[in-house]
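Note that the numbering runs from 1 along the sequence shown for the chain. All values below come from the heavy atoms of this structure, side chains included, with hydrogens, waters and symmetry mates left out.
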Amino acid sequence: MSTPQLVVHHDKELMAQAAAARLITKIVDAQASRGSASVVLTGGRNGNGLLAALAGSPARDAIDWGRLDLWWGDERFLPEGDPERNVTQAREALLDAVPLDPKRVHAMPASDGPHGTDVEAAAAAYAEELAGAANPENHASVPSFDVLLLGVGPDTHVASLFPELPAVRETERTVVGVHGAPKPPPTRVTLTLPAIRAAREVWLLAAGEDKAQAAAIALSGAGEIQAPAAGARGRARTLWLLDSAAASQLPRSLYPPASA
């Protein structure tokens, strides 16, 4: 796994704009080299902020949207169209405004979908969909995502992997159901650390003073069971994108020379 790198921006708006520009470049490069690209989206204020910044960028038209696969790192197990679902928020922020191939938008199952309220069956179905998209040369039974985006919670959770809960301890399955999440709603579907670590690049987004302690803990050698963000690493690159408030408790020795 790769060693984390940091980029610190002045504020959350600049962070979102810079992350969007960085993501556009990564997608275009992947499409040029392999014909298509795959990205795992994240919800929350920072994930949605990035998508909104991408929607407002003139450079978005450089992406061949029909050759982009979109997946999700986690989802709130709620009915289709519920405003709290990550896919609903992503559609509002960006997806409805760009010409995606609907067959390449891989939303996680809803609680009123074919699996009903059986979150474990929903998780297994998403794992099967991921496995079906994986190639023999991939490093796990999931695709080698070009970029996997994660927000970082104040408690260091990423996706719906919360400290000490069973999901963060999973070492075999790529997708699991989550029960009793400390953040509502309590029932969720999430990728596991093995699936996250199959990505070429993992980008962790953190902005705001309420994320400062989490960033400091995760980047200071904490274990992944106690601090799931510490275990989110990409095969080729792990990139933390922060604003100055979220980076305020980090030792200056962690700051890269190019922080801006």
- prompt: Per the side-chain contact (heavy atoms from CB on, under 4.5 Å) rule, which among Thr192, Leu130, Thr190 passes with Val175?
  reply: Leu130
field: Option among Val202, Leu205, Leu191, Asp74 that satisfies the side-chain contact (heavy atoms from CB on, under 4.5 Å) test with Leu150
entry: Val202
message: Closer than 4.0 angstrom, basic N to acidic O: yes or no for Arg22 and Glu201?
response: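 Not counted as a salt bridge, because no side-chain N and carboxylate O are separated by less than 4.0 Å.
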- request: Quick one: closest heavy-atom pair of Pro185 and Leu78, and the distance?
  value: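 Smallest interatomic distance, heavy atoms only, reads CG-CD1, 4.1 Å.
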- line: Tightest non-hydrogen contact, residues Ala215 and Ala246, listed as CB-O, 3.8 Å
- request: Take Lys183 and Arg76 through the test side-chain contact (heavy atoms from CB on, under 4.5 Å) and record every step on the way to the result.
  value: CA-CA 10 Å; Lys183 179 180 179 183; Arg76 294 150 177 167; 4.2 Å; yes
message: With a 4.5 Å cut-off on side-chain heavy atoms, are Gln17 and His9 touching?
response: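 No; the side chains remain at least 4.5 Å from each other.
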message: List the residues meeting side chain to side chain contact (heavy atoms under 4.5 Å, CB included) with Arg91, not counting sequence neighbours, and say none if there are none.
response: Val87, Leu95, Asp96, Val105
message: For Tyr126 and Trp71, take the angle between the two ring planes, folded into 0 to 90°, and tell me which bin it lands in: parallel under 30, tilted 30 to 60, perpendicular over 60.
response: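 Ring orientation of Tyr126 relative to Trp71: perpendicular.
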field: Main-chain N/O of Ala127 paired with Arg173 side-chain donor or acceptor, under 3.5 Å
entry: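 No.
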field: Co-members of the apolar cluster containing Leu165 [side chain, <4.5 Å]
entry: Phe162
message: salt bridge (Lys or Arg N to Asp or Glu O under 4.0 Å), that's the test. Do Arg67 and Asp64 meet it? Break it down for me.
response: CA-CA 6 Å; Arg67 293 191 294 132; Asp64 184 341; 2.7 Å; yes
